[in-house]
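Chain identifiers are assigned alphabetically (A, B, ...) following the order of the sequence lines, protein sequences preceding nucleic acid strands; residue numbering begins at 1 within each chain.
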Protein chains: 2
Amino acid sequence: MGLQDILLSLLREPMSGTELIHFFRGTIHHFWQTDLSQIYRALEALDREGYVRAESMPSSKGPARKEYRLTKKGRTRLAGWLRQKAVVPPHKFEYLAKIFSVTADAHPRKRALELMRSMRGEVIDAVVQLEAIEHLMSATPGFPNDMPANMFYPWLTLHHGLMRRRALLEWIDESIVRIERRSSEADNAGESGCPADLQRMLEDYRAETEPFSQESHRS
Amino acid sequence: MGLQDILLSLLREPMSGTELIHFFRGTIHHFWQTDLSQIYRALEALDREGYVRAESMPSSKGPARKEYRLTKKGRTRLAGWLRQKAVVPPHKFEYLAKIFSVTADAHPRKRALELMRSMRGEVIDAVVQLEAIEHLMSATPGFPNDMPANMFYPWLTLHHGLMRRRALLEWIDESIVRIERRSSEADNAGESGCPADLQRMLEDYRAETEPFSQESHRS
DNA sequence: ACTTAGTATATGCAAATGCATATACTGAAA
DNA sequence: TTTCAGTATATGCATTTGCATATACTAAGT
């Protein structure tokens, strides 16, 4: 239900769906990707359950705008949400999966470099976008640490996006160098199978932690 | 269908579901979280569509193990997958959403610090785990850059996990300092609403890029 | 013999996701 | 005056998730 809470947090002043969608871009969207159909659905659910109240405002352009306004109940929920912890999210990073198994390819080094470079392009585009926004914000008095709270905290999240992507870029560039410096033999010789050594190596480790172990469900 | 491809990439030597699950932990799991039910489902689909062939091996302990073996078709698919680009994945980082809107709380500074510290604990745990695995790998001859290819590329992905999380930690620690240094007035005074300035500021930006815009679907 | 623990493979299901498409209304262009 | 482009809100639907639970078989304890 994360999206619902996020919408509540943005509705401290009444807004319509489209306004929320616009606000998302350039702010929340950098750490919470979603699409407009989900926003409208979430708003409908919030309205249905009484966290917001929708008010139709006839619009001069297009169909009636619906303005959403926080209710008492919504404010309570928002306060509770802010007090709760969250979790650092998992991800599904397909690029890494390919690099992990790149020895399944006939030309591991070439393939790995291709993957790295393609990733690099994507990340740079994202960094450029974030930098553009940060540049807009840098005109604010007190930038960054002494900006008004309602600019400062959003900036922190933007800055996170930048640091995270710059770290990724750094890893990519380091990795490209590492790969280029490896001898051709190292990449092409050896068993091309799954790293059996690694597998053995991990047996000890496995004993200690347990991601998806089948919890005994009777007790 | 990412998981299916990943499983193919691990099946360069035949394995059973449980073996794959074990291998996942400590390697793939750090950048591709999933659970065992999904692995079995994916294996079933791969078998049904002829990418792998399952072979039941009566086991001395428990029910018959099913060994999955790549077919020609599977090998072809794997090769194709490795040649394709991927995308840097989106994420849903609820912590950041809370920090973004922390001014909705009565005590933004206090709340923000709580969130940061709770996040910090999580990240440190993850770093410790990854470091333990890297330490195991560090015994390999040639570590890191001249290890055999089937250790080197997996290590790259592990190292990515470490760098990414260390960057997050760095951001958290920087942010804690920034927040602590802000004057109390800065955090509590000012309008507590949504950052209207930010909203205005983003209007220009919006013109240029377009995340979820409603593409005109006739043309 | 009978329960319990352990291993291995699966199923059920509600919710979330992503993407395409529909509806509805306005103002301007052809 | 019909068509088009734009704005705003929604619906449809197949797929993917996450989590809980089921099934099936073995080996040991008691």
Let me know the distance between [atom1] of [X] and [atom2] of [N], rounded to the nearest Å.
X	N	atom1	atom2	answer
B:E44	D:dT16	CD	P	14 Å
B:H22	C:dA8	NE2	C1'	10 Å
B:Q33	D:dT16	CD	P	18 Å
B:L20	C:dA8	CG	P	12 Å
A:H29	C:dG18	NE2	C1'	13 Å
A:M57	C:dC25	CE	C1'	18 Å
B:I39	D:dC19	CD1	C1'	15 Å
A:E67	D:dA8	CD	P	12 Å

*asked:* Does C:dT9 have OP1 or OP2 under 4.0 Å away from a side-chain N or O of B:Y40?
replied: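 Result: yes.
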
*Among C:dT11, D:dA10, C:dT9, the nucleotide that comes nearest once only the side chain of B:S37 is considered*: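 Minimum distance to the B:S37 side chain belongs to C:dT11.
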
_Using the side-chain heavy atoms of B:L36, tell me which of these nucleotides is nearest: D:dT11, D:dA10, C:dT9._
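For the B:L36 side chain, the nearest candidate turns out to be C:dT9.
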
*Could you check B:E170 against B:E174 for side chain to side chain contact (heavy atoms under 4.5 Å, CB included), going step by step and ending with a plain yes or no?*
CA-CA 6 Å; B:E170 198 186 332; B:E174 270 186 16; 4.1 Å; yes

Within the sub-3.5 Å range, which N or O atoms of nucleotides 14-17 of chain C have a protein N or O partner, and how far apart are they?
unit_1 : atom_1 : unit_2 : atom_2 : d
C:dT17 : OP1    : B:K92  : NZ     : 3.2

*Is the closest side-chain heavy-atom distance between A:V52 and A:R69 below 4.5 Å?*
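The answer is no; the side chains never approach within 4.5 Å.
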
_With a 4.0 Å cut-off on N to O distance, would you call B:R77 and B:D5 a salt bridge?_
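Yes, charged N to carboxylate O under 4.0 Å.
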
_Derivation of the salt bridge (Lys or Arg N to Asp or Glu O under 4.0 Å) call for B:D105 and B:K110_ = CA-CA 9 Å; B:D105 191 272; B:K110 177 165 160 279; over 6 Å; no

*Taking the six-membered ring for Trp, are A:H91 and B:H160 parallel (under 30°), tilted (30 to 60°) or perpendicular (over 60°)?*
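Judged by the thresholds at 30° and 60°, the geometry between A:H91 and B:H160 is parallel.
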
_For a quick check of understanding: with a heavy-atom distance under 4.0 Å over all strands, which category does B:S16 fall into, base, sugar-phosphate or nothing?_
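Sugar-phosphate only.
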
*Would you check, one step at a time, whether the test salt bridge (Lys or Arg N to Asp or Glu O under 4.0 Å) holds for A:E131 with A:R166?*
CA-CA 11 Å; A:E131 279 172 347; A:R166 284 181 185 142; 2.9 Å; yes

_Whether the side chain of B:K98 engages the backbone of A:Q84 through a donor-acceptor N/O pair (distance < 3.5 Å, no angle test) should be reported._
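Indeed, once roles are kept as given, a pair shorter than 3.5 Å links the two residues.
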
*DNA chain D: A:R65 or A:P90, which has the more 5' nearest nucleotide?*
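Counting from the 5' end, the first nearest nucleotide belongs to A:R65.
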
